[in-house]
Amino acid sequence: MAQLSRSNSFPLVEPLVWNPWVEPEEVTLEQPALGEGSFGIVYKGRLRGSTVAIKLLINQQLDDDGLTFFKREIQILGGLRAPNIVLFLGACCEPGHYMIITELMPAGDLDTILSSRKINLSLFIRMKMARDAAAGMCWLHQNKPQIFHRDLKPSNMLVDRDSYLIKLCDFGLAAVKGTGSGPDGRGSTPGTPTQSRKMSPMSPNEIGKHPAIGTPSWMAPEIMRSQPFTTKADVYSFGIVLWQLLTRHQPFAGLEEHTAIFDAVCNLKQRPKIPSNTIPALAALITRCWSQDPLRRPEFGDVIPVLDEIIVESAIENHDGSEFWKKHFLTMSEVPWSAFWNAFSEIIPEDTVTDDNVEIFYQLLGITPATSSNIEPKVHIENFGKVLSWLPGSLEELLPSFKKLCSQPWFFGFLDAIRAGEILSGNIEGTFLIRFSVRQPGVYTVSIVEHGTVTHSRISRESEEWVYDGMRDRSLIQLITKVKDKLKRPCPGSPYAITQKEKSTVYLYDE
Ligand SMILES: Nc1ncnc2c1ncn2[C@@H]1O[C@H](COP(=O)(O)OP(=O)(O)OP(=O)(O)O)[C@@H](O)[C@H]1O
């Protein structure tokens with residue numbers, strides 16, 4: 001048999017259409033700026049009929065070294081096409097108009113988003129962001145030749161508005177292995193550190209003391225010490241980013257001076273504190289990523305599958321539930337209803353696989369019937385996780401437990417405070433209903449008419465027991481019977497009234 005020669009490249013003989021250069025007149029900028037870094041101010045703008053992001057260099061009088069940097073950023077970013085790396089669109093290399101143009105990421109950078117408490121981001125979304133960043137870094141490290149980012153931090157991670165997809169940006173400090181493309185033009189490629197003039201955001205004075213590249217809070221100890229480094233220096237930075245995604249805090253916040261960070265990280269081997277209630281796999285991953293010894297840090301290719309499992313665990317706290325999702329739908333955030341039900345009906349008792357139960361489950365997962373027969377409804381991982389947090393126990397018992405709950409006249413399921421208030425108003429003192437807490441999955445809310453107004457309070461969960469009004473019980477239904485002096489009269493009109501034909505004998509009200 002003829003031997004096929006293996007080749008993954010061939011010479012491109014046709015003239016290339018790729019032309020990165022843009023004339024300054026082609027670009028229009030919109031004020032105010034979107035963001036500002038140490039080297040550039042970024043604006044929203046227009047180019048050739050498209051809305052884009054334009055980074056104008058702050059220093060428009062580049063010397064030879066500055067020009068080398070600028071060209072390298074264009075060369076590296078311009079050659080990258082990957083789902084988690086911001087798309088390069090063009091550049092202008094005319095003195096006075098030095099700029100780099102990329103796709104616009106409308107939600108801005110991750111640093112701003114994480115520090116804005118108004119933006120609610122579940123741990124599930126934040127771990128998906130971590131996975132995106134890891135995928136972007138994996139692309140760089142597995143490129144041939146390898147690319148080192150050297151400034152990985154949340155302000156260099158851009159966010160897509162709707163999907164929260166993350167793309168890496170700012171390749172101003174990036175380097176290509178084996179090209180001698182050091183920022184100072186003297187070959188400070190990874191593995192052979194030299195003194196760098198470009199250090200963000202250290203001042204020139206400090207550079208002499210700590211010849212290193214990057215931003216101190218995210219800088220690996222070997223970089224700070226100006227020792228040889230590898231791709232694992234980026235993995236260290238990722239460990240800090242992962243901790244930020246977990247806590248939404250700034251790393252080394254109390255340490256203002258770069259020398260203090262140097263001392264903490266390099267000499268005292270200190271790291272930010274990982275909260276004790278962190279998912280164990282996530283705590284372990286952060287710890288490995290920011291190991292003092294670079295050899296103990298994982299490759300990004302190994303980080304991604306670990307994050308895939310962490311993503312599931314962050315959406316579904318219930319152990320059986322997260323194992324179920326990992327087994328059938330790992331890497332999927334939502335699955336078509338039929339695929340979900342096929343897998344789920346395999347693990348529940350055969351007599352519970354009924355049309356009634358399908359319907360009840362449909363409601364429970366907050367699925368609205370498809371408006372068109374072409375679109376199959378989907379089960380979202382976070383909804384499944386929430387449902388399991390309200391109905392803890394084994395998966396086999398999920399449907400019977402929910403059915404029993406629905407048979408209680410006071411249970412109203414998915415209802416917000418405003419609607420609960422409307423339903424209860426005009427009822428006598430002590431009339432109440434119980435609903436899933438809209439804000440806090442895993443918690444129930446009691447809405448009750450008290451002193452002529454409707455008040456809302458929580459039934460919390462502590463050590464596998466439900467707790468309300470000083471009483472506690474493993475069964476929610478039993479707990480409600482214990483507080484019937486306060487919760488006197490179930491509110492009429494439960495949406496599950498039909499299932500209440502099989503009314504529970506556990507709780508009997510004196511109407
Ligand atoms: N494509 C984009 N879409 C939206 N906002 C962007 C985009 N690119 C950059 N920004 C915003 O501008 C800020 C600065 O961009 P960038 O990091 O590229 O500049 P820099 O001067 O090289 O920064 P550094 O100080 O980290 O070196 C980002 O943190 C972000 O807020």
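Just so you know, these numbers come straight off a predicted model, no measurement behind them. Hydrogens, waters and symmetry mates are skipped; everything else that's a heavy atom, side chains included, is used.
Within a 6.0 Å radius of CZ in Arg117, more than 12 heavy atoms belonging to other residues, nucleotides or ligands are found. Within a 6.0 Å sphere centred on CZ of Arg296, heavy atoms belonging to other residues, nucleotides or ligands number 12 at most. Heavy-atom neighbours of Arg461 CZ from other residues, nucleotides or ligands within 6.0 Å: above the threshold of 12. For Asn267, the CG atom counts as densely surrounded, since its 6.0 Å shell holds more than 12 non-hydrogen atoms of other residues, nucleotides or ligands.
Glu73 has a carboxylate O that lies under 4.0 Å from a charged side-chain N of Lys55, or vice versa, which qualifies the two as a salt bridge. Lys167 has a carboxylate O that lies under 4.0 Å from a charged side-chain N of Glu103, or vice versa, which qualifies the two as a salt bridge.
Checking side-chain atoms of Arg225 against main-chain N and O of Cys266 turns up a donor-acceptor pair under 3.5 Å. Ser122 places a side-chain N or O within 3.5 Å of a backbone atom of Ile125 that can act as its donor or acceptor partner. Side-chain atoms of Ser291 come within 3.5 Å of backbone atoms of Arg288 as a donor-acceptor pair (strictly under, hydrogens ignored). Side-chain N or O atoms of Ser314 include one that pairs as donor or acceptor with a backbone N or O of Ile310 at under 3.5 Å. Using modelled atom types, no side-chain atom of His258 and backbone atom of Thr215 make a donor-acceptor pair closer than 3.5 Å. In this structure, Arg458 contributes its side chain and Tyr444 its backbone to no donor-acceptor pair below 3.5 Å.
Checked by atom type, the side-chain pair Gln292/Arg271 shows a donor-acceptor distance below 3.5 Å. Looking at Arg248 and Ser115, their side chains never bring a donor and an acceptor atom within 3.5 Å of each other. Of the N and O atoms on the side chains of Thr112 and Asp109, at least one donor lies less than 3.5 Å from an acceptor on the other residue. Looking at Asn318 and Ser389, their side chains never bring a donor and an acceptor atom within 3.5 Å of each other. For the residue pair Ser237 and Lys153, no side-chain donor N or O sits within less than 3.5 Å of a side-chain acceptor on the partner. Gln250 and Asp111 form a side-chain donor-acceptor contact under 3.5 Å, judged by distance and modelled atom types alone.
Between Asp234 atom CG and Gln146 atom CD the span is 10.0 Å, to the nearest 0.5 Å. If you take NZ on Lys128 and OG1 on Thr331, they are separated by 9.5 Å, rounding to the nearest 0.5 Å. The OH atom of Tyr164 lies 6.5 Å from the CD1 atom of Ile119; values are rounded to the nearest 0.5 Å. Taking CE of Met137 as the start and NE2 of His141 as the end, the distance is 3.5 Å to the nearest 0.5 Å. Between atom CG of residue Leu168 and atom CG of residue Leu110 there is a gap of 10.5 Å, rounded to the nearest 0.5 Å. Once rounded to the nearest 0.5 Å, the distance linking NZ of Lys273 with OG1 of Thr278 reads 8.5 Å.
Using cut-offs of 30° and 60° on the angle between ring planes, the pair Phe340 and Phe344 is parallel. By the 30° and 60° cut-offs, the orientation of the rings of Trp243 relative to His249 is tilted. In this structure, Phe324 and His328 have tilted ring planes: the angle between them lies in the 30° to 60° band. Ring-plane geometry between Phe124 and His380 is classed as perpendicular, the angle between the planes exceeding 60 degrees on a 0 to 90 degree scale with a lower cut at 30.
When side chains are defined from C-beta on, Leu246 does not count as touching Leu242, because their heavy atoms never get closer than 4.5 Å. Between Ile100 and Phe70 there is a side-chain heavy-atom pair separated by less than 4.5 Å. The shortest side-chain heavy-atom distance between Ile41 and Leu57 does not fall under the 4.5 Å cut-off. Proximity of Leu77 to Val86: side-chain heavy atoms (C-beta onward) are separated by under 4.5 Å at one or more points. Considering only heavy atoms from C-beta on, Cys92 stays 4.5 Å or farther from Tyr98 through its side chain. The shortest distance between side-chain heavy atoms of Thr102 and Leu87 does not fall below 4.5 Å. In this structure the side chain of Ile240 reaches within 4.5 angstrom of the side chain of Gln244, judged on heavy atoms. Between Leu56 and Tyr43 there is a side-chain heavy-atom pair separated by less than 4.5 Å.
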Pair Met127-Leu245, side chain to side chain contact (heavy atoms under 4.5 Å, CB included): steps then yes or no:
CA-CA 7 Å; Met127 289 303 108; Leu245 280 162; 4.2 Å; yes
From CA spacing to verdict: side chain to side chain donor-acceptor pair (under 3.5 Å), Thr68, Asp65
CA-CA 5 Å; Thr68 310; Asp65 275 1; 4.8 Å; no
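Taking all atoms of both residues into account, the shortest heavy-atom contact from Ala220 to Arg297 is CB-NH1, 4.0 Å. For the pair Ala135 and Asn84, the tightest heavy-atom approach, listed with the atom from each and the gap, is CB-OD1, 3.4 Å. The shortest non-hydrogen separation linking Ala134 to Leu307 is CB-CD1, 4.1 Å.
Among residues two or more places apart in sequence or in another chain, the side chain to side chain contact (heavy atoms under 4.5 Å, CB included) test is passed with Val312 by Ile316, Ser322, Trp325, Lys326, Leu330, Ile381.
In this structure, Trp390 has its ring center under 6.0 Å from that of Phe436.
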